[in-house]
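First comes the structure, then the notes that go with it.
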Amino acid sequence: MTTSTLSKRLAKFTGSKTSIAYQIAKDLATGENKSYKISGNIIRPVHTSGRGRFTSNLDYTADTCKVLSFLKLKFETGNDSARGGLTGNFIKIITKI
């Protein structure tokens with residue numbers, strides 16, 4: 001699949017254009033990595049926010065999967081954390097872009 005095809009499909013997206021999931025899909029379509037969540041064909045949609053005891057995990061896995069399904073990309077989700085923690089979530093893109 002070409003990046004121009006992804007860009008055309010992404011232009012038809014009716015959801016929020018400011019969401020993290022949309023930004024990840026936009027990075028895939030343009031080939032840039034402004035969200036710093038893509039490495040190769042693996043997306044890590046979870047990051048931490050805060051400092052010290054006020055740290056919280058922000059999980060965008062489900063939202064990102066919905067946007068990737070809208071773009072008709074094949075992907076698989078998984079967790080590579082040792083004890084199954086939230087920050088080990090990843091999405092592996094199977095479709096060649």
Side-chain angles (χ1 to χ4, degrees):
M1 179 175 297
T2 62
T3 56
S4 62
T5 304
L6 278 179
S7 296
K8 288 176 186 176
R9 289 182 184 171
L10 197 58
K12 295 178 185 177
F13 184 69
T14 58
S16 174
K17 306 273 190 211
T18 59
S19 69
I20 299 294
Y22 179 81
Q23 296 299 323
I24 292 171
K26 185 177 175 184
D27 287 350
L28 279 174
T30 59
E32 299 175 353
N33 193 5
K34 293 182 180 178
S35 64
Y36 301 106
K37 297 192 181 304
I38 303 170
S39 60
N41 62 343
I42 295 181
I43 300 170
R44 300 230 174 239
V46 179
H47 69 275
T48 57
S49 175
R51 200 164 150 172
R53 71 176 197 176
F54 301 106
T55 303
S56 62
N57 290 325
L58 303 174
D59 184 18
Y60 300 104
T61 306
D63 297 336
T64 305
C65 288
K66 288 178 185 176
V67 173
L68 294 177
S69 295
F70 176 79
L71 294 175
K72 298 178 183 172
L73 293 175
K74 293 181 183 178
F75 61 91
E76 61 183 26
T77 60
N79 190 322
D80 60 359
S81 179
R83 294 187 292 171
L86 185 64
T87 56
N89 286 350
F90 68 88
I91 301 170
K92 183 176 182 181
I93 305 292
I94 299 171
T95 306
K96 186 175 181 181
I97 299 174

Query raised in the report: Rounded to the nearest 0.5 Å, what separation is found between the CG atom of Leu58 and the OG1 atom of Thr87?
Result: 12.0 Å
**Report entry** Contacts of type side chain to side chain donor-acceptor pair (under 3.5 Å), residue Asn57, not counting sequence neighbours
**Finding:** none
Report task. Please list all pairs passing the salt bridge (Lys or Arg N to Asp or Glu O under 4.0 Å) test where one or both residues lie in residues 14-29, with sequence neighbours left out. Result -> none
Donor-acceptor pairs under 3.5 Å, side chain of residues 39-48 to any protein atom, not counting sequence neighbours: which ones?
unit_1, atom_1, unit_2, atom_2, d
Asn41, ND2, Ile93, O, 3.4
Arg44, NH1, Asp80, OD1, 3.3
Arg44, NH2, Asp80, OD2, 2.7
His47, ND1, Lys37, NZ, 2.9

**Report entry** Taking every non-hydrogen atom, the tightest pair across Gly88 and Ser81
**Finding:** CA-CB, 3.8 Å
Query - Residues which pass salt bridge (charged side-chain N to carboxylate O under 4.0 Å, His left out) with Lys92, listed by chain and number, not counting sequence neighbours - result: none
Report task. Hydrophobic side-chain clustering at under 4.5 Å (ILVMFWY, transitive links): who's grouped with Ile94? Put none if nobody. Result -> none
Query - Exercise: identify the closest heavy-atom pair between Gly85 and Asn79 - result: O-ND2, 2.9 Å
Query raised in the report: Does any pair with a residue in residues 48-63 pass salt bridge (Lys or Arg N to Asp or Glu O under 4.0 Å), and if so which ones, sequence neighbours excluded?
Result: none
**Report entry** Separation between CD of Gln23 and CD of Glu32, rounded to the nearest 0.5 Å
**Finding:** 11.0 Å
Report task. Can you sort out the partners of Thr2 under side-chain contact (heavy atoms from CB on, under 4.5 Å), two or more places apart, ordered by chain and number? Result -> Ser4, Thr5
Query - Closest approach of Leu71 to Leu10 (non-hydrogen atoms, all atoms of both residues) - result: CD2-N, 3.7 Å
Report task. Enumerate the residue pairs fulfilling ring pair (Phe, Tyr, Trp, His ring centres under 6.0 Å) with a member in residues 78-97, sequence neighbours excluded, ordered by first and then second residue. Result -> none
Query raised in the report: With sequence neighbours excluded, what pairs up with Glu76 under the salt bridge (charged side-chain N to carboxylate O under 4.0 Å, His left out) test?
Result: none
Query - With Thr3 via side-chain contact (heavy atoms from CB on, under 4.5 Å) - residues at least two apart - result: Ile97
Query - Pairs meeting criterion ring pair (Phe, Tyr, Trp, His ring centres under 6.0 Å) with involvement of residues 17-38, two or more places apart - result: Phe13-Tyr22
Requested in this report: Check side-chain contact (heavy atoms from CB on, under 4.5 Å) between Ser16 and all other residues, then give those that pass, not counting sequence neighbours.
Outcome: Thr18, Ser19
